[in-house]
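Following: one structure in structure tokens, then a few remarks.
Indexing begins at 1, ligand by ligand and atom by atom, following the structure's order.
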Amino acid sequence: MLVLGLQGSPRKKGNTNYLISTFMDAAEKSGARTITIDVTKKNIIPCKEYTVCEKKGFCPIDDDVKEEIYPLLRQADVVVVASPIFFYNMSAQLKAVIDRCQTFWARKYRLKLRDPGAKMRRGFLLSVGATKGKNLFEGIQLTTQYFFDAICAKFEGSLTYRGIEGPKDMAAHPTVIDDVDKAVNSVLAPFKGRKKVLFACRENACRSQMASAFAQFLAGDRLEVTNGGSEPGDEVNPEMVKVMHEKGIDMAFRSPRSLDEAISQVKPDYIITMGCREQCPYVPNAQIRDWDLADPAGHPIEFMREIRDDIEKRVNELIKDILP
Ligand SMILES: Cc1cc2nc3c(=O)[nH]c(=O)nc-3n(C[C@H](O)[C@H](O)[C@H](O)COP(=O)(O)O)c2cc1C
């Protein structure tokens with residue numbers, strides 16, 4: 001399971017940094033893979049309102065949001081937003097990332113595409129502020145709520161601390177460790193003990209991408225799904241993206257990767273190969289099943305549709321078979 005943190009404080013070794021590091025350490029102890037992005041150190045260009053995303057579903061701005069943050073937001077099981085309060089909201093650096101996620105909003109609400117992870121992703125907020133007023137976290141709560149909605153994450157809760165000003169105040173807080181442990185246990189609970197399935201094909205550009213997207217979409221948080229290829233291609237197949245869009249499934253921000261990379265992140269209980277069983281690395285205790293599916297790449301789009309429908313049917317059967 002992947003927990004992605006967006007760290008929004010520019011202060012080195014400050015309170016937000018302490019809070020998110022404590023959260024991520026606890027998540028790792030619970031078996032999660034974690035990635036924390038310090039957004040203040042990234043090349044992030046604020047939204048320029050070109051509105052290309054609203055029409056075409058992608059952002060033309062080239063920076064770390066596009067290269068790194070969009071794909072990770074789609075891969076994450078849990079997204080953690082962490083920021084100090086700056087004028088009753090999050091830091092400008094973090095807000096810039098969130099504004100760029102208008103692209104996710106547009107894909108969901110304008111283009112009516114469904115994120116395959118929509119039924120399983122969860123979101124959590126961490127925040128600190130110096131003063132003690134009742135409304136201190138209202139702004140950040142609201143911004144985070146709409147951000148989580150755009151990236152299809154269910155807002156699971158928050159840990160917010162008032163009266164935190166000096167850089168070491170958070171570390172000295174008497175209940176923070178217990179608070180974080182409780183929060184992490186509750187946020188990660190549905191992801192623990194999930195069966196893990198790896199879908200494998202040669203290029204990881206087409207069949208295994210479709211299968212994993214269907215599996216993730218249909219099984220929600222009951223399965224941990226990954227995919228890889230024995231000879232990964234450069235990009236996912238654009239015809240495959242088109243036929244999945246016809247089904248309303250959004251295949252954006254995905255790229256092929258190797259089987260070794262996939263297995264290094266998720267140790268599968270099941271490996272579903274698509275005619276490439278012999279190229280699959282040995283994984284102890286994994287059950288291998290081979291689906292005899294022709295590679296639709298380079299064939300007319302009708303054939304891509306046939307393979308898509310066949311995969312959807314097989315994924316439904318697989319879910320019935322392996323999930324109680
Ligand atoms: C630009 C700026 C704006 C701030 N605005 C607020 C505010 O509106 N309300 C508040 O309680 N604290 C405010 N603070 C204080 C910080 O939220 C507080 O010091 C916090 O502990 C900093 O966290 P950090 O160490 O993670 O950066 C502000 C601080 C800065 C630098």
Give a yes/no verdict on a cation-pi contact between Lys196 and Tyr270, requiring under 6.0 Å between NZ or CZ and the six-membered ring centre and an angle within 45° of the axis. no
Taking the ring of Tyr70 and the ring of Phe104, is the distance between their centroids below 6.0 Å? yes
Within the 3.5 Å criterion, strictly below it, is a donor on Arg289 or Gln287 matched to an acceptor on the partner's side chain? yes
Taking atom types as modelled, is there a side-chain donor on Arg11 or Thr16 under 3.5 Å from an acceptor on the other? no
Is there a side-chain contact between Leu259 and Leu198, using heavy atoms and a 4.5 Å cut-off? yes
When you look for protein heavy atoms under 4.0 Å from ligand 1, which residues do they belong to? Ser9, Arg11, Gly14, Asn15, Thr16, Pro84, Ile85, Phe86, Phe87, Tyr88, Val128, Gly129, Ala130, Thr131, Leu136, Ile164, Glu165
Once you measure the plane-to-plane angle for Phe199 and Trp291, does it fall in the parallel (<30°), tilted (30-60°) or perpendicular (>60°) bin? tilted
